[in-house]
Amino acid sequence: MPKIDRDYPAGLSGNHVIVWRNGIFVVFAMCGIGLASWMARTPAVKDALGATTAQMGIIIFGLAIGSILGLVASSHAVNRFGARRVMASCMVIMPIGLTLAGIGVTFGALFWVVFAGLAVLGFGMGMCDVAMNLSGAANERVLGKTIMPVFHAFFSFGTMIGAGLGALAEIINLSLAAQSAIIAVVMLCAGIAGALATQSERMVNTGEIDVDPGVEQRRPFAVWRESRTLLIGVIVLGMAFAEGSANDWLSLASVEGHGVDKPTGAVIFGIFVTAMTVGRLAGPRVLDRYGRTPVLRASAVLAALGLLIFIFVPVLWVAIVGVALWGLGSALGFPTGMSAAADDPRSAAARVSAVAMIGYVAFLVGPPLIGFLGEHFGLLRALLLVFMLIAFAGLASGAARERAVD
């Protein structure tokens, strides 16, 4: 790997400059803002549509279907067009879907229009997920240190901002259409600018994504036969369920399970994403000191403990402490899984796509399943499914152990 150190001030190397001037931070943040601004309003969406808990699961299922389709298309798209162009395209697709969903809620409570809008949003998010994680992994290789959790921390910063905007919109009674249009404009302008400002890795290495396209094209499905890929997928699945279930259901579960009002439900969701952001900012130092496997096991314990507190403790302030632990424990699973999947740059795009696809099963199966269980047993009890998957993720953590590439 060529050295690019130059005379940067204060001992900062060129590699650090490549990372910290990278527009990928903005891309991660815009994805978080778009998703969380919508999810913070799920109680309002339910009321506007007159939907049952099970029907809300179907609506969120649209987001998951779109995400899976985006993931399926992502590996080919990234290998053909490069991560930067794919991210820029997704910053057009996602605002369109978000605006369509907001219109469906506000003008006529059009259930299937909302479903379609979330599917479009999910498609752009799934495509962008692979592209931005590949770019993040490339930056890790250039820097030679763990940096992926910081990229994901900016996603969490985005979710904090999005949750705050959702709570504010709820307080001032702003319609979903108006909120979605405002967020869409921000995503379109800032997201495209961030994607186009993302440093091409050819500036510091041998190629845009640092893969051999011939290898990817000759055996794109070979990674599915590797046990390590599947076990990393289990880690990402469990921790994506821990994170995704909070995105989808936390504000509503707080309202229906703990009896708070809708703005407070949005604030509790904001506490979750704030705790997750703190965990991700601390992640690089913790991972570099202790290694992936011990950190992932400890994360699973924290997430499981926090979730159990939220489910079973009726005292609100204690339940909120549980939410904070749940957020901290959920912070590092997904980004660490993505880093592990991209350890070998020769098959990084295919493996990251495969692992992300396994993880996105949480978003595909989770919403309708939790909605169905919530309809019959209550949302709090339905979240016990998430506890089980977190336990499986903790057991599979050894698969993420760092490996050298020949």
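Residues: numbered from 1 along the sequence shown.
Other residues, nucleotides and ligands contribute only 12 or fewer heavy atoms inside 6.0 Å of the OH atom of Y290.
Looking only at side-chain heavy atoms (C-beta outward), M132 and C90 stay at 4.5 Å or farther from each other. Taking 4.5 Å as the limit, some side-chain heavy atom of L383 sits within range of a side-chain heavy atom of L307. Residues M30 and V186 are in side-chain contact: their nearest non-hydrogen atoms beyond the backbone lie under 4.5 Å apart. Annotation: side chain of I59 is in contact with side chain of L49 (closest heavy-atom distance under 4.5 Å). Side-chain contact between F334 and I235: absent, with no pair of heavy atoms (C-beta onward) separated by less than 4.5 Å. Two residues are said to be in side-chain contact when any heavy atoms from C-beta on lie closer than 4.5 Å; M187 and M94 meet this criterion. Residues W38 and Q179 are not in side-chain contact: their nearest non-hydrogen atoms beyond the backbone lie 4.5 Å or more apart. No side-chain heavy atom of F155 sits less than 4.5 Å from a side-chain heavy atom of V273.
For the pair A83 and A131, the tightest heavy-atom approach, listed with the atom from each and the gap, is CB-O, 3.7 Å. Of all the heavy atoms in A36 and F269, the pair that sits closest is CB-CE2, 3.9 Å. Looking at every heavy atom in both residues, T146 comes nearest to P284 through O-CB, 3.3 Å. G374 approaches A382 most closely through the heavy-atom pair N-CB, 3.6 Å. Across every non-hydrogen atom of G166 and A40, the tightest pair is CA-CB, 4.1 Å. Taking both residues in full, the closest heavy atoms of A184 and T99 are given as CB-OG1, 3.3 Å, listed atom of the first, atom of the second, then distance.
Residues meeting the side-chain hydrogen bond (donor to acceptor under 3.5 Å, both in side chains) test with T336, sequence neighbours left out: none. Remark: W112 engages F115 in a ring pair (Phe, Tyr, Trp, His ring centres under 6.0 Å) (not counting sequence neighbours). For T274, there are no side-chain hydrogen bond (donor to acceptor under 3.5 Å, both in side chains) partners at least two apart in sequence or on another chain. A search for ring pair (Phe, Tyr, Trp, His ring centres under 6.0 Å) contacts involving F157 returns F154, not counting sequence neighbours. Applying the salt bridge (charged side-chain N to carboxylate O under 4.0 Å, His left out) test to D47 and every residue at least two apart in sequence or in another chain returns K262. With sequence neighbours excluded, the residues forming a side-chain hydrogen bond (donor to acceptor under 3.5 Å, both in side chains) with T42 are S251, listed by chain and number.
Formation of a donor-acceptor pair under 3.5 Å by the E256 side chain with backbone atoms of G378 is not found in this model. Counting only distance, with no hydrogens or angles, the side chain of S254 and the backbone of G265 share no donor-acceptor pair below 3.5 Å. Judged purely by atom type and a 3.5 angstrom limit, S67 uses its side chain to pair as donor or acceptor with the backbone of L63. Judged by distance alone, the side chain of S397 and the main-chain N or O of G394 form a donor-acceptor pair under 3.5 Å. The closest donor-acceptor contact from the side chain of S74 to the backbone of L71 lies under 3.5 Å.
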- What's the verdict on side-chain contact (heavy atoms from CB on, under 4.5 Å) for V114 and I103, showing C-alpha distance, side-chain angles and the deciding distance? CA-CA 8 Å; V114 178; I103 290 172; over 6 Å; no

- Query: Which is it for I311 and L384 under the side-chain contact (heavy atoms from CB on, under 4.5 Å) test, yes or no, and what are the steps along the way?
  - Reply: CA-CA 8 Å; I311 293 171; L384 286 172; 3.9 Å; yes

- Message: Go through it in stages, so that I can follow the logic: the residues are L316 and I268, the test is side-chain contact (heavy atoms from CB on, under 4.5 Å), and I'd like the CA-CA distance, side-chain angles, deciding distance and then a yes or no.
- Response: CA-CA 10 Å; L316 182 59; I268 290 174; 4.3 Å; yes

- Task: Start with the C-alpha gap between K46 and L252, add the side-chain angles, then the distance that decides, and say whether side-chain contact (heavy atoms from CB on, under 4.5 Å) holds.
- Result: CA-CA 9 Å; K46 183 182 180 185; L252 188 58; 4.3 Å; yes

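Residues in residues 150-168 take part in these side-chain hydrogen bond (donor to acceptor under 3.5 Å, both in side chains) pairs, two or more places apart or across chains: N133-H152, S156-R280. Counting only residues at least two apart or in different chains, salt bridge (Lys or Arg N to Asp or Glu O under 4.0 Å) contacts with residues 36-45 comprise R41-E170. Applying the salt bridge (Lys or Arg N to Asp or Glu O under 4.0 Å) test to residues at least two apart or on different chains, none of the pairs has a partner in residues 376-387. The ring-ring contact (aromatic ring centres under 6.0 Å, His included) analysis of residues 86-107, with sequence neighbours excluded, yields no pairs. Screening residues 86-102 for salt bridge (Lys or Arg N to Asp or Glu O under 4.0 Å), with sequence neighbours left out, gives no hits.
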Using a 3.5 Å cut-off and no angle test, enumerate the donor-acceptor pairs between side-chain atoms of residues 318-332 and protein atoms at least two apart in sequence or in another chain.
residue : atom : partner : partner atom : Å
W326    : NE1  : A242    : O            : 3.0
S330    : OG   : W326    : O            : 2.8

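Interatomic distance, M56 CE to F111 CZ, rounded to the nearest 0.5 Å: 8.5 Å. Rounding to the nearest 0.5 Å places CG of L174 at 5.5 Å from CD1 of I182.
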